[in-house]
Amino acid sequence: MNATARIMLSGFTNLSEVEIEPVLLTKQTIFQENTAFENSLFALAHQQPEEAIELLNQWIETLPSYDGPADGSDVVLPDVKAPINIPRHWIEKPVHFIPNGFANPKAPRIIYIARNQYFFCQEQNLTEWLWKVHGAKSPKRILDMGCGTGTTTFVYGELFPNADVIGIDLSAPLIRFCRDWKAQRGAGNVSFYQENAEATHWPDNSFDIVHFTYLVHEMPQNNARKILHEMYRLLKPEGTFSAMEVMYDETAEEREARVSRSRTAEPFLEEYMQLNLPTAIGEAGFKYIKRHYDNKFPSSDGMFLTALKPTS
């Protein structure tokens, strides 16, 4: 059980109930483990999101900024002219209470600490799941779409040291953060670029595995379908689609309850439930779609899906 869950179970409802203060972070200390304040803020966001938003906004202003050229020219692929095309929803409907969403240059720490808040984001668990599902493969090129702060990308790089592993994200600040973390970790076979996962700049049949972790529930259904089709285009024949996402609950009542619980932080979750991801993967052309429930992946909190691109 993570720290946030322990705080929530203890009946914690307000940050003022515990004597903790935010820790002032710099780019040199930003990779430290979650602070008590951050764990408490996460707990409050689950229980009283309206109250948490004000505190979150104040805290964000104290965080290091990962800004750079306005057009993102420092983070695009070498042969791509900046700026890349950014979907409207990403600008107009930011998620997770973050002011200006993931475009906020001070957002990376918020995404980074989530890796300790949720079971499916914890590095040791990712290592176990991805090795169990993909360990028998020998991929040469792996793409991690919507890489965020790069946790999944780094795990792939360590599991497959002879592979070229690439993480992409719409957020230029997140890509700058990933590159700093790469330097700290010494991850020589991993690279990061700002790209739109709906229409990347690589040719057909470029990758052996294309993966995303918690991505397509953050967008309208039409954009999600574009990403699934782009994954199909990018994969080599017999290449592997891989995804960890919000659970598609079996009954309409369960789906409605999940949407209701998360409506404030997840403005597109209702569209995601209407998408029916396992079905949409097949509609994109993939075969042998499989849900993995035997990897310590709680079915109530998420699902781990794989599929194959057929040879013809």
Side-chain angles (χ1 to χ4, degrees), residues 68-69 71-87 90 102 130 134 137-179 181-182 187-216 218-219 222-245 277 280-281 283-287 305-312:
D71 63 356
S73 55
D74 58 323
V75 289
V76 297
L77 287 160
D79 57 347
V80 170
K81 183 179 179 180
I84 66 165
N85 179 49
I86 300 293
W90 196 76
F102 299 150
L130 295 177
H134 301 310
K137 304 178 178 72
S138 300
K140 295 180 179 178
R141 300 191 80 204
I142 300 170
L143 181 65
D144 182 22
M145 290 182 159
C147 65
T149 53
T151 304
T152 306
T153 320
F154 288 121
V155 169
Y156 269 116
E158 291 172 1
L159 290 177
F160 302 104
N162 296 319
D164 177 21
V165 183
I166 301 171
I168 63 171
D169 202 282
L170 283 172
S171 170
L174 284 174
I175 295 301
R176 295 181 189 113
F177 177 94
C178 287
R179 290 180 175 183
W181 198 13
K182 170 186 172 175
N189 66 326
V190 172
S191 54
F192 296 95
Y193 300 99
Q194 185 190 31
E195 273 279 88
N196 182 350
E198 297 176 23
T200 69
H201 290 85
W202 287 284
D204 297 356
N205 309 323
S206 290
F207 295 93
D208 300 291
I209 297 173
V210 179
H211 178 99
F212 63 77
T213 299
Y214 257 33
L215 175 64
V216 297
E218 307 279 25
M219 61 192 65
N222 183 54
N223 299 83
R225 291 187 183 278
K226 288 179 181 179
I227 288 177
L228 297 180
H229 284 280
E230 181 69 354
M231 294 173 78
Y232 187 91
R233 183 187 73 81
L234 290 173
L235 277 167
K236 299 174 183 177
E238 298 187 344
T240 302
F241 167 101
S242 178
M244 295 168 176
E245 252 299 355
L277 181 58
I281 293 168
E283 292 170 349
F286 291 102
K287 305 295 183 183
L305 300 167
T306 59
L308 293 180
K309 178 177 178 177
T311 54
S312 61

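Remember, it's a predicted structure, so these values are computed and weren't measured experimentally.
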Nearest heavy-atom approach of G167 to T153 is N-CG2, 3.7 Å
*Parallel, tilted or perpendicular: rings of F241 and F286 (30°, 60°)*: tilted
Nearest heavy-atom contact between S206 and P203 is OG-O, 2.5 Å
Greater than 12 external heavy atoms within 6.0 Å of K140's NZ
no
Exercise. Got F154 and D144 here, is their nearest side-chain heavy-atom distance under 4.5 Å?
Worked result: no
Value for CD1 (I166) from CG (L77), rounded to nearest 0.5 Å, stands at 7.5 Å
query = Any chance the side chains of T240 and H134 put a donor and an acceptor closer than 3.5 Å?
reply = no
Residues pairing under salt bridge (Lys or Arg N to Asp or Glu O under 4.0 Å) where one sits in residues 230-242, two or more places apart or in two chains, turn out to be D204-R233, D208-K236, E230-R233
**Request:** Would you check if the side chain of R179 reaches a backbone N or O of F192 as a donor-acceptor pair within less than 3.5 Å?
**Result:** yes
- Message: Quick one, Y156 and S242 - any side-chain contact, counting heavy atoms below 4.5 Å?
- Response: yes
Nearest heavy-atom approach of L174 to G148 is CB-O, 3.6 Å
Discussion item. Would the distance check show the side chain of K287 and the main-chain N or O of P310 forming a donor-acceptor pair, the cut-off being under 3.5 Å?
Written reply: no
CZ of R141 to CG of L234, rounded to nearest 0.5 Å, is 9.5 Å
d(N223 CG, N196 CG) to nearest 0.5 Å is 8.5 Å
Does E245 reach the side chain of L305, with side-chain heavy atoms less than 4.5 Å apart?
-> no
When every non-hydrogen atom of V190 is compared with those of G157, the smallest separation belongs to CG2-CA, 3.9 Å
In short, S73 meets A82 closest at the heavy-atom pair CA-CB, 3.7 Å
Across all chains, not counting sequence neighbours, the ring pair (Phe, Tyr, Trp, His ring centres under 6.0 Å) partners of Y193 are none
Distance col, row L143:CG vs F207:CZ, nearest 0.5 angstrom, shows 4.5 Å
CG (N85) and CD (E195) are apart, to the nearest 0.5 Å, by 11.0 Å
* With side chains defined as the heavy atoms from C-beta onward, is the minimum distance between T152 and M244 less than 4.5 Å? -> no
One should read off an interatomic distance between L130 CG and T213 OG1, to the nearest 0.5 angstrom, of 7.0 Å
Query - Under 3.5 Å donor-acceptor, K309 side chain and G239 backbone - result: no
*Side-chain donor-acceptor pair under 3.5 Å between S171 and D169, yes or no?*
no
In M231, H211, E198, the residue satisfying side chain to side chain contact (heavy atoms under 4.5 Å, CB included) with M145 is M231
Inset, instruction - Would you check if L277 and L228 make a side-chain contact, meaning some heavy-atom pair closer than 4.5 Å? - result: yes
Hits for side chain to side chain contact (heavy atoms under 4.5 Å, CB included) against I86, two or more places apart or cross-chain, chain-then-number order -> I84, W90, I91, L170, Q194
Nearest heavy-atom contact between I142 and A163 is CD1-CB, 4.3 Å
Main chain of N162, side chain of N189: is a donor-acceptor contact present, judged purely on distance under 3.5 Å? no
